[in-house]
Amino acid sequence: MTGFSGVFLLKGEDALVAMEPGQFATEDDFQRLLARFPELLVGDQIDPQSPRRWLLVKREQPISTGEASASLWSIDHVFIDQDGILTLVEIKRQSDSRLRREFIGQMLDYAANCASYWSVEGLQSSLDKTCLEQGLTSEAALRELLGTETSINEFWERVGTNLQAEKIRLIFLADVIPVELRRVVEFLNRQMNPVEVLAVELRQFVNKDLKTIVPTIYGQTQAMTRKRLGGVTRWNEQSLFEKLSRTVGSDELNVAREVFAWMAKGGKRPLVFGTGKENGSVYPVFKPGGVLINPTYLSSDGKLWLQFGALENKPIFGSMDARRKLLERFNAIKGADLREADLSKYPSISLRTIAQDPAGRASLIAALKWMEEQIYPSNELAELG
């Protein structure tokens, strides 16, 4: 080893692999990595109460000041989160001499002009093209991001409202964030309301063919917490079941509790709660091969939603035949009435339908457990508890 980082990988039980600092060969490598894995923006660190999830709208999204002689800029990445807040990401490597002053100037230019010269229709078009390049439809991508509590039309209305109110998020991303840039980010975040300003440092460590990427967030201030609280319902187990108790009867509520118990798995499996204004939702986090998939949602509207459309081209249930087998399992519930056309859609089964079938609960839990067994090998399933 030529250097020492203090970062180690444990190989098996007996071997400790020391990692040394590495570098991204080019800025394009950096950009492509983030476009493929937006979770590197560590949404659970940015907002622990409601972890941010992102969908890539476009790489190199153009923007202009609108002046006749002005040049057309392009932003490295534009993402959108589940609350319809645009996230503008600009990337620089440590070796780039523009890492501080020009970096900051670029982002402020973008923030000052995007609300005036972007439209919801233009963003929709960019997202459509990006999804097409990935072999997806924008509807399927948005359904995976949003779940079922928010309609796609409502979501885009929210995007437009946020854009006009200049409620956006700016992220400076680099392999090393200098102390000077951290101070500027914290200052901007205190002063710019409702804009959120953050810096994300992605350090890379290598050892032969092994690579580790360690993200660190800068700019978390009390001002950031205050900005996040406005207008977003933070659902949790208590509020979800309080709403359910007003929506469904006692038998349906018992079904919901049994589904939630399966999802929670004794607290060993991560859960994500929705942020819908009217209805809450919750789903378990599955990451086969590091790819997030969301097969099911439990919603306070008294339904279990099945995300067949979002599973297309994903691991495990990407093929029509695999989804058909999953559908058949849920169709064991009397009255579920799931059809072939639902294999590319987002059907639901009401908790009442499940409760009215004497074998409904058993059939439901059997279907959920079978689904999980397909996602994870038996040894991984045992580790999840």
Side-chain angles (χ1 to χ4, degrees), residues 34-35 38-59 61 63 75-90 107-127 130-131 138 141-147 149-173 185 188-200 217-235 272-278 281 292:
L34 182 62
E39 53 266 42
L40 287 171
L41 295 176
V42 282
D44 56 342
Q45 290 186 34
I46 289 178
D47 190 349
Q49 297 301 316
S50 179
R52 298 294 86 193
R53 306 188 304 278
W54 283 283
L55 182 61
L56 177 65
V57 176
K58 185 175 174 57
R59 280 187 63 185
Q61 173 75 17
I63 187 172
I75 301 172
D76 288 341
H77 297 78
V78 176
F79 294 95
I80 199 162
D81 75 8
Q82 70 266 39
D83 291 328
I85 298 173
L86 291 170
T87 299
L88 285 56
V89 181
E90 191 69 13
M107 287 293 269
L108 293 180
D109 275 334
Y110 300 156
N113 288 284
C114 67
S116 298
Y117 298 102
W118 282 351
S119 66
V120 169
E121 292 75 18
L123 293 167
Q124 288 175 316
S125 177
S126 292
L127 178 61
T130 297
C131 290
S138 58
L142 284 168
R143 269 287 148 243
E144 182 174 355
L145 178 73
L146 301 175
E149 71 239 24
T150 303
S151 74
I152 291 178
N153 286 339
E154 179 187 345
F155 174 76
W156 283 115
E157 289 176 5
R158 193 180 300 173
V159 172
T161 300
N162 289 333
L163 186 60
Q164 289 305 309
E166 297 182 334
K167 187 175 183 179
I168 59 176
R169 183 181 295 109
L170 308 179
I171 294 183
F172 299 88
L173 191 142
V185 166
L188 292 174
N189 199 35
R190 290 193 300 269
Q191 302 301 321
M192 295 176 67
N193 189 25
V195 178
E196 295 184 2
V197 186
L198 293 166
V200 177
I217 300 288
Y218 296 103
Q220 301 285 61
T221 64
Q222 289 184 349
M224 175 72 82
T225 302
R226 289 195 298 272
K227 291 176 191 179
R228 292 200 189 109
L229 293 178
V232 178
T233 302
R234 306 299 185 189
W235 295 90
V272 173
F273 286 90
T275 57
K277 291 183 179 180
E278 298 297 329
S281 64
L292 178 67

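If you're wondering where the values come from, they're calculated on a predicted model, not measured in any experiment. Residue indices begin at 1 and follow the sequence shown.
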> For the residue pair Arg158 and Gln82, what are the closest heavy atoms and their distance?
Replying inline: NH1-O, 3.9 Å
> What heavy-atom pair brings Arg52 and Asp81 nearest, and what distance separates the two atoms?
Replying inline: NH1-OD2, 3.0 Å
> At what distance, to the nearest 0.5 angstrom, does CD of Glu39 lie from CZ of Arg53?
Replying inline: 12.5 Å
> Quick one: CZ on Arg59 to CZ on Phe79, what's the gap to the nearest 0.5 Å?
Replying inline: 9.5 Å
>> Within the structure provided, determine whether Ile80 and Trp156 are in side-chain contact (heavy-atom separation under 4.5 Å).
In response: yes
> Do Val78 and Leu86 come within less than 4.5 Å of each other through their side chains, counting heavy atoms only?
Replying inline: yes
>> If you compare all heavy atoms of Ala35 against all heavy atoms of Leu56, which two are closest, and at what distance to 0.1 Å?
In response: CB-CD2, 3.8 Å
> How long is the span from the CG atom in Leu173 to the NE2 atom in His77, to the nearest 0.5 Å?
Replying inline: 8.5 Å
>> Are the side chains of Val89 and Asp76 in contact, using a 4.5 Å heavy-atom criterion?
In response: no
>> I'd like to know if the side chain of Asn162 reaches the main chain of Lys167, judged simply by a donor and an acceptor atom lying under 3.5 Å from each other, with no hydrogens or angles considered.
In response: no
> How close do Leu41 and Ile217 get, heavy atom to heavy atom, and via which atoms?
Replying inline: O-CD1, 3.9 Å
>> I need the Leu163 CG to Ile168 CD1 distance, nearest 0.5 Å.
In response: 8.0 Å
> Looking at OG of Ser151 and CZ of Arg143, how far apart are the two atoms once the value is rounded to the nearest 0.5 Å?
Replying inline: 7.0 Å
> Is Ser125 reaching over with its side chain to a backbone N or O of Glu121, donor-acceptor style, under 3.5 angstrom?
Replying inline: no
>> How close do Ala141 and Leu55 get, counting heavy atoms only, and between which atoms?
In response: CB-CD1, 3.8 Å
>> So does Val57 get a backbone contact from the side chain of Thr130, meaning a donor-acceptor N/O pair under 3.5 Å?
In response: yes
>> If you define the side chain from C-beta out and look only at heavy atoms, does anything of Met192 sit under 4.5 Å from Leu108?
In response: yes
> Rounded to the nearest 0.5 Å, how far does CG of Leu88 lie from CD1 of Ile63?
Replying inline: 7.0 Å
> If every non-hydrogen atom of Trp235 is compared with every non-hydrogen atom of Phe273, which pair is closest and at what distance?
Replying inline: O-CB, 3.3 Å
